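Here's the structure we're looking at; comments come further down.
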Amino acid sequence: MRGFTIKLVKNIQQIIAVPMLILFIVSTNKKIIVVDVRRWAKIVELLDTSDWGNLLYLLYKYPEFRNLYYYRIKKGNFLGLVLMHIIKFFYKECPSLFLYCDSIGSGLFIQHGFSTIISAESIGENCWINQQVTIGYNSKKERPTIGNNVTINAGAKVIGKVTLNDNVTVGANAAVVKNVPNNCVVVGVPAYIVKRDGLKVKEQLI
């Protein structure tokens with residue numbers, strides 16, 4: 001009985017989210033949205049094997065996913081952009097999550113979007129960003145570039161014209177103001193390297 005009730009509730013939630021599918025149907029960014037859905041579904045352990053079902057559930061359950069979804073729609077065609085502004089009136093985004101990027105690769109996961117500002121030149125594929133993160137300018141023109149498979153943990157700051165290369169992890173509350181090489185873990189204020197290529201180190205960023 002309990003399993004039936006849970007499934008019924010989920011089905012109702014999916015039905016509530018159906019109008020948001022209009023944006024997907026008209027969008028030219030379908031492929032990247034599907035990749036986003038599959039990564040989110042894997043991380044939050046959704047049991048529905050259907051991309052459609054998972055998309056509807058994510059749109060209903062996670063305001064942070066809606067932010068990313070609307071970003072994809074906005075980067076697509078004009079019709080999607082117009083319809084998005086209508087849909088957003090009824091289906092709100094996470095109000096304290098801001099995405100100001102020229103390009104965001106597929107598979108971005110935002111775990112809690114509270115008080116998070118993501119303003120980068122570009123973000124690579126399969127990145128993970130937590131709450132109260134600031135990625136942004138130190139002047140009118142200089143902002144970060146984020147590589148592939150980068151994780152930025154709660155409260156971290158990445159500021160200015162810096163590059164976080166591939167497979168970088170930024171520890172909670174760290175402040176990154178210099179470039180970070182591939183395959184590194186950085187912590188501290190200002191950030192320094194504590195692991196490189198799987199080996200423990202203590203190195204200053206250059």
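Worth saying up front: this structure is predicted, and the values here are computed from it rather than measured.
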Q.
Leu59 vs Arg66, test: side-chain contact (heavy atoms from CB on, under 4.5 Å). Steps then yes/no.
A. CA-CA 6 Å; Leu59 286 170; Arg66 277 181 233 154; 4.1 Å; yes
Q | Check against side-chain contact (heavy atoms from CB on, under 4.5 Å), Leu58 and Val44 | A | CA-CA 10 Å; Leu58 290 167; Val44 302; 4.3 Å; yes
Q.
Go through it in stages, so that I can follow the logic: the residues are Ile110 and Tyr62, the test is side-chain contact (heavy atoms from CB on, under 4.5 Å), and I'd like the CA-CA distance, side-chain angles, deciding distance and then a yes or no.
A. CA-CA 10 Å; Ile110 304 167; Tyr62 295 96; over 6 Å; no
**Q.** Full working for side-chain contact (heavy atoms from CB on, under 4.5 Å) between Asp36 and Tyr69
**A.** CA-CA 9 Å; Asp36 291 337; Tyr69 182 66; over 6 Å; no
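Between Arg72 and Ser27, the closest side-chain pair of non-hydrogen atoms is not below 4.5 Å. Between Ile152 and Leu164, the closest side-chain pair of non-hydrogen atoms falls below 4.5 Å. Two residues are said to be in side-chain contact when any heavy atoms from C-beta on lie closer than 4.5 Å; Thr169 and Trp128 fail this criterion. Inter-residue side-chain proximity for Val34 and Phe24 is flagged as met; some heavy-atom pair is nearer than 4.5 Å. Side-chain contact between Leu205 and Pro181 is present, with at least one heavy-atom pair separated by less than 4.5 Å. Contact check for Ser122 versus Asp102: no side-chain heavy atoms found under the 4.5 Å cut-off. The side-chain heavy atoms of Leu68 and Phe109, taken from C-beta on, include no pair separated by under 4.5 Å.
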What donor-acceptor contacts under 3.5 angstrom involve side-chain atoms of residues 93-100, with partners at least two apart or in another chain?
| residue | atom | partner | partner atom | Å |
| --- | --- | --- | --- | --- |
| Glu93 | OE1 | Lys88 | NZ | 3.2 |
| Ser96 | OG | Ser115 | N | 2.9 |

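Hydrophobic clustering (ILVMFWY, side-chain heavy atoms < 4.5 Å, transitive): Val186 and Val201 are in one cluster. Transitive grouping of hydrophobic side chains (ILVMFWY, heavy atoms separated by less than 4.5 Å) keeps Ile159 and Val189 in distinct clusters. The hydrophobic cluster containing Tyr137 does not contain Ile117, counting ILVMFWY residues as joined when their side-chain heavy atoms lie under 4.5 angstrom apart, directly or transitively. Note: the hydrophobic cluster containing Tyr70 also contains Leu81 (ILVMFWY, side chain heavy atoms under 4.5 Å, direct or indirect links). Placement of Leu83 and Phe78 within a single hydrophobic cluster is found when ILVMFWY residues are connected by side-chain heavy-atom separations under 4.5 Å, directly or transitively.
Put simply, CD1 on Ile118 and CZ on Arg143 are 12.0 Å apart, with the number rounded to the nearest 0.5 Å. The line from CD1 of Ile32 to CD1 of Ile104 is 8.5 Å long, rounded to the nearest 0.5 Å. Expressed to the nearest 0.5 Å, how far OG1 of Thr28 lies from CG of Leu79 amounts to 10.0 Å.
Here the closest non-hydrogen pair linking Lys195 and Ile193 is O-CG2, 3.4 Å. Contact detail for Pro144 and Val158: the closest heavy-atom pair is CG-O, 3.4 Å. Residues Ile129 and Ile135 share a closest heavy-atom pair of CD1-CD1, 3.9 Å. In plain terms, the two heavy atoms of Asn130 and Ala154 that are nearest each other are CB-N, 3.5 Å. Pairing each heavy atom of Tyr91 with each of Ala17, the nearest pair is CE2-CA, 4.4 Å. Gln132 approaches Lys157 most closely through the heavy-atom pair O-NZ, 3.9 Å.
Judged by the 6.0 Å distance and 45° axis criteria, Lys92 is not positioned over the aromatic ring of Phe90.
For the pair Glu64 (side chain) and Gly113 (backbone), a donor-acceptor distance under 3.5 Å is present. In this structure, Tyr71 contributes its side chain and Cys101 its backbone to a donor-acceptor pair below 3.5 Å. A side-chain donor-acceptor contact under 3.5 Å links Asn165 to the backbone of Val180. The main-chain N or O of Glu125 is found under 3.5 Å from a side-chain atom of Asn148 such that the two form a donor-acceptor pair. Side-chain atoms of Arg39 come within 3.5 Å of backbone N or O of Cys127 as a donor-acceptor pair.
Remark: the Asn167 side chain and the Asn149 side chain contain an N/O donor-acceptor pair separated by less than 3.5 Å. Using modelled atom types, one finds no donor on one side chain facing an acceptor on the other under 3.5 Å when comparing Asn182 with Asp166.
No more than 12 heavy-atom neighbours from other residues, nucleotides or ligands sit within 6.0 angstrom of NZ on Lys161.
Each of Thr116, Asn173, Asn153 was evaluated against Val133; a single residue qualifies, Thr116, per the side-chain contact (heavy atoms from CB on, under 4.5 Å) test.
A salt bridge is absent between Lys30 and Asp51: the closest approach of a Lys/Arg side-chain nitrogen to an acidic carboxylate oxygen does not fall below 4.0 angstrom.
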